[in-house]
Protein chains: 2
Amino acid sequence: MSKAADRAYHFIRGEILSGAMTPGEQLREETLAEACGVSRTPVREAMRKLEAENLIQRSDSQRSFVATLSVDDIAESFALRAMLEGHAAARATDRIKPGQLATLFDHNAAIRDAVARETPDIAAFIEHNRGFHTVVTDAAGSERLTRLLASIVEQPVVLRTARRYDRAQLERSAAEHEELVVAFRHRDPDWAKAVMIGHIRRAFHVYSDALTAPPRDPKTP
Amino acid sequence: MSKAADRAYHFIRGEILSGAMTPGEQLREETLAEACGVSRTPVREAMRKLEAENLIQRSDSQRSFVATLSVDDIAESFALRAMLEGHAAARATDRIKPGQLATLFDHNAAIRDAVARETPDIAAFIEHNRGFHTVVTDAAGSERLTRLLASIVEQPVVLRTARRYDRAQLERSAAEHEELVVAFRHRDPDWAKAVMIGHIRRAFHVYSDALTAPPRDPKTP
DNA sequence: TGCGGCTTCATTGTATACAAAGCTGCTATA
DNA sequence: TATAGCAGCTTTGTATACAATGAAGCCGCA
């Protein structure tokens, strides 16, 4: 995407992911255009792209809103993600290059660091977790798969999920990443796939359990 | 999509699917705008959508071309399709409504008709095949899944595949559809999934075999 | 007071003009 | 003759003005 459209895209996406715009809130082209200093044309383009990525939904009368995800939506999105990332892991197994394996290792070292701190650094965890998964997806070497995954992985959900993790779960997550690397080293696609699917399904259940039992509150015993 | 953009979308898509525009051919916004009597703005929107659907590819300098699919691309797209449509069939199993089951039945009756003719009516076969699969996907009741599948199922490939089918294969295809309906009636998601995956993987191999052994030629003994 | 229809306003869709970025082919030079 | 660099042309990107469409509030009537 070119300069203005790209800028609009990142601006809007940022607003949504950071929570500055809340789910259900209406997005007006004019307002957004002013907010990021471009005209409506590139804003429209950015919005169409975000719509394709399910971050924006449109009403039947063509108005745009920050997407609100139902529980069922989220369950479905985790299911698809597990399937596709599992497939990606299997494909990556005999395509991944030594350099990429090294990068995976580095990301996970950073994750271990973030988790080991007195109060875990969730932001760093999320960043390197994302980096790790991106490398795996790229290593699968399918442009189509990469795009599909981009349109499924709801970063707001990933974020909220990570925030629910306690230290043990964060460590468990890092351990699963390590197991995936070992599976790659052994060139075992079935193993890689199984690890990845388990990894994502566990994340789903942490997320979904949290919906029934809201976040830990210091005041609650 | 609104009127002009929608028109542009269907026009361009039609040109590509019908073969009027050949793979690798460049698409110019101005030319297309004139060809379907709208301005460049809606044409650009349509092109972005078609790009998301992999019917159009863009060069690094932002020029657009009718997509050329490598063998690997196609193999990957069949793999993804089998996975996702298999999932859709499983989900559809306990969501499909009686009316939809009836529609499936009707489509398949039409397919049987098309196949039974002296020279099978491939156009009708394709139309009702598409209808059948669409009903299954819809019955799965996931907007996200529907969109994902739309961006994967390459109609040009489906078309070419169907043209490779001989009568036995066309009948086999109809039989598989019938088996899927039976699986639905028995509310057996695993069965439905297995049938769907087999159905698509078989199509893949017909397509891929045809690449090594070109179409049957009357002149060849 | 409740409701149907109208008016007005807010918002999105489309066309067009201009700007920017690439490609092409020429010319000048070694 | 080969090639670097420039000039002009093609194509895409962005801004802006205007058109169309849908939403919200208002008024009059029952």
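Chain naming here is simple, since letters A, B, ... match the order of the sequence lines and numbering starts at 1 in each.
The main-chain N or O of A:Ala82 is never found under 3.5 Å from a side-chain atom of A:Glu85 such that the two would form a donor-acceptor pair. Looking only at distances, no side-chain donor or acceptor of A:His199 sits under 3.5 Å from a matching main-chain atom of A:Val195. Here the side chain of B:Asp106 pairs no donor or acceptor atom with the backbone of B:Thr103 at under 3.5 angstrom. Remark: the backbone N or O of B:Thr93 is paired with a side-chain donor or acceptor of B:Arg187 at under 3.5 angstrom. A donor-acceptor contact shorter than 3.5 Å links the side chain of A:Asn54 to the backbone of A:Ser151.
Note: CD (B:Glu30) to C1' (C:dG22) measures 17 Å, nearest angstrom. Between B:Glu29 atom CD and D:dT14 atom P there is a gap of 11 Å when expressed in whole angstrom units. Going from atom CD of B:Gln26 over to atom P of D:dT11 covers 6 Å, rounded to whole Å. What separates NZ of A:Lys3 from C1' of C:dA20 is a distance of 10 Å, to the nearest Å. Look at OH on A:Tyr9: it is 17 Å from P on D:dG13, rounded to the nearest Å.
For B:Arg28 and A:Arg63, each mapped to the nucleotide of DNA chain D holding its nearest heavy atom, the one lying further toward the 5' end belongs to B:Arg28.
Contacts between residues 55-62 of chain A and DNA chain C, counted as heavy-atom distances below 4.0 Å, involve A:Arg58, A:Gln62. Within residues 34-52 of chain A, the residues that have a heavy atom under 4.0 Å from DNA chain C are, in order of number, A:Arg40, A:Arg44, A:Arg48.
Geometrically, B:Arg202 engages B:Tyr165 in a cation-pi contact, judged by NZ or CZ lying under 6.0 Å from the ring centre and within 45° of the ring axis.
For CZ of B:Arg130, the number of neighbouring non-hydrogen atoms (other residues, nucleotides, ligands) closer than 6.0 Å is 12 at most.
Close placement of the A:His177 and A:His133 rings is indicated, their centers lying within 6.0 Å of each other.
OP1 or OP2 of C:dT14 lies within a sub-4.0 Å distance of a side-chain N or O belonging to B:Ser2.
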